[in-house]
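Worksheet: the structure to be examined is printed underneath.
Count residues from 1 along the sequence. Because the structure is predicted, anything quoted here is derived from the model rather than measured.
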Amino acid sequence: MSGNPDRLSDESAAPDQILLGVLNAIERDAQTSQRTISRELGVALGLANAYLKRCVGKGLIKIKQAPPRRYVYYLTPKGFAEKTRLTAEYFSASFTFFRRAREQMSQLIAQCAANGWTRIAFAGISELAEVGTLCAHDYPVSLVGVIDPMQAGTRFCGLTVHATFADLDAVDAVIVTGIKEAETIFRAMENEIGNGRVLAPTLLGLPIRFAAGAPPASIRAAE
């Protein structure tokens, strides 16, 4: 599974993730700069500065001035303890996500196989899609590609990434794996394939729908 607890973004980063990223950056390099921390974490410079000040205020780090006009950051014993706690929480959350994702993706793919839906596409590149590619090896199905317009033309876990559903060949079902804007993706795929052939793991908070009765022949995307 991919994922880096230090690489964040202003939109998706949780406060504890940013704090952990700052503490890790300082532990790696005491002479790191605010700009470097900002770049490494993928957050705004002002946000990195705010978290450094917060760390100082909480007694997690100390700052010493070093010429010429440089600063050296030190983790305090309290800072080390906080970093250890946050790291444990991060990996615990990651393991919980992986376990739930594996269970739910396996259930969806197993249902597809039981319905005779052997050609499956994923909609959205994410760690959920990565888990799904692993689960698919356990069932008599074929993954025909991933739909993600932002990364079209690339490869993901050995699969071709397409801009639209229409770029795929015959498809029996689509599993929503995009975590951001999952509902929008779900509705867009329903407009394309319909007939209850769009599925989603419950961890996305969307309904799981299966077609009733004997499944029809593979649905071919419109030219």
On a heavy-atom basis, the closest approach of Ile120 and Cys112 is CD1-CB, 3.8 Å
Side-chain donor/acceptor of Thr32 to backbone N/O of Ile26, under 3.5 Å: no
Going through the distances and angles, do Thr160 and Val146 end up as a side-chain contact (heavy atoms from CB on, under 4.5 Å)? CA-CA 6 Å; Thr160 301; Val146 183; over 6 Å; no
Please check if the number of heavy atoms outside Glu89 that lie under 6.0 Å from its CD is greater than 12. yes
Main-chain N/O of Gly59 paired with Thr76 side-chain donor or acceptor, under 3.5 Å: yes
Between Glu183 and Arg187, is there a salt bridge with N-O shorter than 4.0 Å? yes
Just by distance, do the side chain of Ser38 and the backbone of Val43 share a donor-acceptor pair under 3.5 Å? yes
Residues pairing under salt bridge (Lys or Arg N to Asp or Glu O under 4.0 Å) where one sits in residues 49-66, two or more places apart or in two chains, turn out to be none
Please name the pair of heavy atoms, one in Cys135 and one in Met105, separated by the smallest distance, quoted to 0.1 Å. SG-CB, 4.1 Å
All pairs passing salt bridge (Lys or Arg N to Asp or Glu O under 4.0 Å) where residues 98-118 contributes a residue, at least two apart: Arg99-Glu103
For Thr164, what residues pass the side chain to side chain contact (heavy atoms under 4.5 Å, CB included) criterion, not counting sequence neighbours? Ala166, Asp167
Over all atoms of both residues, closest heavy-atom pair of Val176 and Ala200: CB-CB, 4.2 Å
Does Val144 offer a backbone N or O that forms a donor-acceptor pair with the side chain of Ser142 under 3.5 Å? no
OH of Tyr71 to CD1 of Ile63: how many Å apart, nearest 0.5 Å? 8.0 Å
Main-chain N/O of Gln151 paired to Thr154 side chain as donor or acceptor, under 3.5 Å: yes
If two hydrophobic side chains count as joined below 4.5 Å and joins carry through other members, does Val72 share a cluster with Ile61? no
CG of Leu20 to OH of Tyr51: how many Å apart, nearest 0.5 Å? 11.5 Å
Distance check, rounded to the nearest 0.5 Å: Leu199 atom CG versus Phe186 atom CZ? 7.5 Å
Joint hydrophobic cluster, Phe91 plus Phe80, side-chain heavy atoms closer than 4.5 Å: yes
Please find the pair of heavy atoms, one from Arg119 and one from Ala170, that lie closest to each other, and give the distance. NE-O, 2.7 Å
Closest approach of Val141 and Ala113, non-hydrogen atoms and distance? CG1-CB, 4.0 Å
Would the distance check show the side chain of Thr177 and the main-chain N or O of Phe122 forming a donor-acceptor pair, the cut-off being under 3.5 Å? no
To the nearest 0.5 Å, what is the distance between CD1 on Ile18 and CD1 on Ile37? 12.0 Å
Just do the side-chain contact (heavy atoms from CB on, under 4.5 Å) check on Glu82 and Leu19 with the steps written out, would you? CA-CA 9 Å; Glu82 182 67 359; Leu19 179 58; 4.0 Å; yes
Do Thr84 and Thr87 get their side chains close enough for a donor-acceptor pair, meaning under 3.5 Å? no
Short side-chain to backbone donor-acceptor contact, Asp148 and Met150, under 3.5 Å: yes
Separation of Tyr73 OH from Gln34 CD (nearest 0.5 Å): 4.5 Å
Looking only at heavy atoms, which two atoms of Phe156 and Ala129 are closest? And how far apart? CE2-CB, 3.6 Å
Any carboxylate oxygen within less than 4.0 angstrom of a Lys/Arg side-chain nitrogen, looking at Arg28 and Glu40? yes
Between Ser92 (side chain only) and Ala88 (backbone N and O only), is there a donor and an acceptor less than 3.5 Å apart? no
Verify same cluster id: Tyr74, Leu23 (apolar side-chain graph, 4.5 Å): no
Keeping the roles fixed (side chain from Gln104, backbone from Leu203), state whether a donor-acceptor pair exists under 3.5 Å. yes
